[in-house]
Amino acid sequence: IYTPKNTFLKKFLLMWRILSHKQKNSKILQSLFLGYTFRALLILANMRIFLSIFFNGLILYAMSYFLPEIVATGGIKLYFVAGVVLGLLNTFVKPILKILGFPFVIITFGLFTLVINGVILGLLQKIIETLNIVGVTYSFGGWVNFAIAVVIFSIFNTLYGTFFKH
């Protein structure tokens with residue numbers, strides 16, 4: 001039998017064993033188990049937010065690595081701030097753009113998502129410029145680099161959504 005060192009996990013597994021072995025469970029044990037389940041879900045949600053920030057920053061680092069024309073200064077501070085901003089844009093703005101652009105996505109067989117990702121990257125660049133954080137810049141070196149960055153962003157964003165969001 002697996003016995004973890006973490007007291008929270010010990011209590012959680014104890015509740016699980018009690019609830020799974022008894023036919024008639026008391027209301028107190030059920031409420032305790034639900035409380036621990038809710039706490040476990042909160043911990044997982046916080047981990048998911050952190051992973052989202054990390055992978056968004058990693059996507060931006062990959063774009064600046066593959067395209068040396070992208071000016072990215074600020075080091076880890078840039079990628080953290082940009083990861084948070086990109087996560088917020090992907091959470092709140094991107095679904096609205098997908099709904100508004102749905103007919104174009106259907107007509108172009110999904111290629112319009114590149115335009116949506118381009119809008120998200122353009123908004124990211126403008127937001128980072130307007131935040132005026134000392135020593136942090138992120139800019140593209142022209143429209144050709146921006147188009148290539150959008151393709152790289154779309155590929156990595158699709159991979160992230162496919163493997164880590166579900």
Of all residues at least two apart in sequence or in a different chain, which pass the side chain to side chain donor-acceptor pair (under 3.5 Å) check with [X]?
X    : answer
N145 : none
T73  : T137
T113 : none

Heavy atoms of other groups near K98 NZ, more than 12 under 6.0 Å
no
Joining Ile, Leu, Val, Met, Phe, Trp and Tyr whenever any side-chain heavy atoms lie under 4.5 Å apart, the cluster holding I106 also takes in F102
By the rule that ILVMFWY residues connect when side-chain heavy atoms come within less than 4.5 angstrom, directly or transitively, which residues belong alongside L100?
I96
Checking F112 now: which residues fulfil side-chain contact (heavy atoms from CB on, under 4.5 Å) with it, not counting sequence neighbours?
F104, V105, T108, V115, I116
Could you pull out all residues at least two apart from A147 that satisfy side-chain contact (heavy atoms from CB on, under 4.5 Å)?
none
Supply the atom-to-atom distance F54 CZ to N56 CG, rounded to the nearest 0.5 angstrom.
11.0 Å
Identify each donor-acceptor pair in which a side-chain atom of residues 81-89 lies under 3.5 Å from a protein atom, sequence neighbours left out, and give them as a table.
none

Should M63 and L121 be marked as a side chain to side chain contact (heavy atoms under 4.5 Å, CB included) after you check the CA-CA gap, both sets of side-chain angles, and the distance that decides it?
CA-CA 11 Å; M63 287 188 331; L121 279 181; 3.8 Å; yes
Give me the ring orientation class for Y61 and Y79: parallel if the planes are under 30° apart, tilted from 30 to 60°, perpendicular past 60°.
perpendicular
Residue set satisfying ring pair (Phe, Tyr, Trp, His ring centres under 6.0 Å) with Y65, at least two apart, ordered chain then number -> none
How would you list, by chain and number, every residue that makes a ring pair (Phe, Tyr, Trp, His ring centres under 6.0 Å) with F153, sequence neighbours excluded?
none
